[in-house]
Amino acid sequence: MIYFISDTHFCHSNIINLCDRPFKSTSHMNDTLIHNWNAYVTDHDEIYILGDFLYKGNGADANKILRRLAGKKYLIRGNHDKFLDDPEFDQSLFEWVKSYHELEYQKQKLVLFHYPILEWQGFFRDAIHLYGHVHNSGKDPEQFKRLAVLGPRAINVGVDVNNFFPISIKQILKKANS
């Protein structure tokens, strides 16, 4: 199975307040996100992380968390993924790290990017755009207007709008085609 997730912000205490996350502490948030991830993803699955995996931590923190997470992990770089530049970070924990990726699944093109984009490769041929970055800011009326312009084939895979779980390719296809 293929899964997607974004904006976990492991080790980021302030994200709990900024996004009204239901966690008592950073360790509670980290442990819950890890538990939820592993409840869906197995070591035989692929998971695409669309940025902002870890916020306040360093390379060693990223290594420790990634080793607890199941699946073959691919990272689309987000604006807060500074741990990638830490010499202590073990790059082999990701299959690859990119800024942008196009994925083909059963003749369906998916465009993966950390940020929501207005028009993407294959937009006029029913390609699906997966993004993160905006967390749950779609609750804000002004932000909701901006995001609504993207249409139903642009899907936020961030944890803040997906009950803190990864989202499967099957769920993505169902959402995009409903």
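- A 4.5 Å side-chain heavy-atom check between Phe165 and Gln171 finds every atom pair outside the cut-off.
- Across all their heavy atoms, Trp120 and Ala127 have their closest contact at NE1-O, 3.1 Å.
- Taking CZ of Arg68 as the reference point, atom CD1 of Ile34 lies at 3.5 Å (rounded to 0.5 Å).
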Apply side chain to side chain contact (heavy atoms under 4.5 Å, CB included) to Arg77 and His114, showing your working.
-> CA-CA 7 Å; Arg77 185 186 287 265; His114 178 63; over 6 Å; no

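- Proximity of a side-chain donor or acceptor of Asn17 to a complementary backbone N or O of Asn14 within less than 3.5 Å is not detected.
- Within the 3.5 Å criterion, the main-chain N or O of Leu103 finds no donor-acceptor partner in the side chain of Gln108.
- Using a 4.5 Å heavy-atom threshold, the side chains of Leu33 and Met29 count as touching.
- Atom NZ of Lys174 and atom CD1 of Ile169 lie 14.5 Å apart (nearest 0.5 Å).
- Ring geometry for Tyr48 versus Tyr74: interplanar angle under 30°, hence parallel rather than tilted (30 to 60°).
- Asp86 places no side-chain N or O within donor-acceptor distance of the main-chain N or O of Asn58, the cut-off being under 3.5 Å.
- To the nearest 0.5 Å, atoms OH (Tyr55) and OG1 (Thr26) are separated by 12.5 Å.
- Ring to ring, Tyr131 and Tyr115 are not that close: their centroids are 6.0 angstrom or more apart.
- Remark: the Ser27 side chain and the Asn30 side chain contain no N/O donor-acceptor pair separated by less than 3.5 Å.
- Here the NE2-CG distance, from His129 to Leu112, works out to 9.0 Å after rounding to the nearest 0.5 Å.
- For the pair Asn162 (side chain) and Asn156 (backbone), a donor-acceptor distance under 3.5 Å is present.
- Scanning all heavy atoms of the two residues, the minimum distance from Leu84 to Gln91 falls at O-NE2, 3.2 Å.
- Put simply, Ile47 and Leu66 are part of the same group of oily side chains (I, L, V, M, F, W, Y) that touch within less than 4.5 Å, one to the next.
- Ring-plane geometry between His28 and Phe23 is classed as perpendicular, the angle between the planes exceeding 60 degrees on a 0 to 90 degree scale with a lower cut at 30.
- The two residues Leu118 and Leu150 come nearest to each other via the heavy atoms CA-CD2, 3.7 Å.
- No path of Ile, Leu, Val, Met, Phe, Trp and Tyr side chains, each step under 4.5 Å between heavy atoms, connects Ile167 with Phe113, placing them in separate hydrophobic clusters.
- The backbone N or O of Asp52 sits nowhere less than 3.5 Å from a side-chain atom of Asp7 that would complete a donor-acceptor pair.
- One hydrophobic cluster holds both Phe4 and Ile65 under the rule that ILVMFWY side chains link at heavy-atom gaps under 4.5 Å.
- Side-chain contact between Asp61 and Phe83 is absent, with no heavy-atom pair separated by less than 4.5 Å.
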Checking side chain to side chain contact (heavy atoms under 4.5 Å, CB included) for the pair Lys109/Arg125: CA distance, chi angles, key distance, verdict?
-> CA-CA 9 Å; Lys109 179 182 274 205; Arg125 290 190 169 82; over 6 Å; no

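- If you chain together hydrophobic residues whose side chains sit under 4.5 Å apart, Val41 and Leu93 fall into the same group.
- Under a hydrophobic clustering in which Ile, Leu, Val, Met, Phe, Trp and Tyr are joined whenever their side-chain heavy atoms come within less than 4.5 Å, directly or via other members, Ile172 and Ile49 fall into the same cluster.
- Atom NZ of residue Lys82 and atom NZ of residue Lys56 lie 11.0 Å apart, to the nearest 0.5 angstrom.
- Between Ile76 and Leu130 there is no side-chain heavy-atom pair separated by less than 4.5 Å.
- Judged by distance alone, with hydrogens and angles left aside, the side-chain atoms of Thr8 form a donor-acceptor pair with the main-chain N or O of Phe53 at under 3.5 Å.
- For His9 and His135, the ring centers are positioned less than 6.0 Å apart.
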Arg153 vs Asn177, side chain to side chain contact (heavy atoms under 4.5 Å, CB included): CA-CA, chis, key distance, verdict | CA-CA 8 Å; Arg153 299 188 73 74; Asn177 294 312; 3.2 Å; yes

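- With hydrogens and angles ignored, the 3.5 Å screen pairs a side-chain donor or acceptor of Tyr3 with a backbone N or O of Tyr40.
- The minimum heavy-atom distance linking Leu50 with Ser6 is given by the pair O-OG, 2.9 Å.
- Across all their heavy atoms, Asp43 and Lys72 have their closest contact at O-NZ, 3.9 Å.
- Under the 3.5 Å distance criterion, the side-chain polar atoms of Trp37 are left unmatched by any main-chain donor or acceptor of Pro166.
- The two residues Asp160 and Cys19 come nearest to each other via the heavy atoms OD1-CB, 3.6 Å.
- Environment of NZ in Lys170: sparse, with no more than 12 heavy atoms of neighbouring residues, nucleotides or ligands closer than 6.0 Å.
- Looking at heavy atoms from C-beta onward, Leu173 lies in side-chain contact with Tyr105 at the 4.5 angstrom threshold.
- Remark: side-chain polar atoms of Lys107 are not paired, donor with acceptor, to backbone N or O of Glu104 under 3.5 angstrom.
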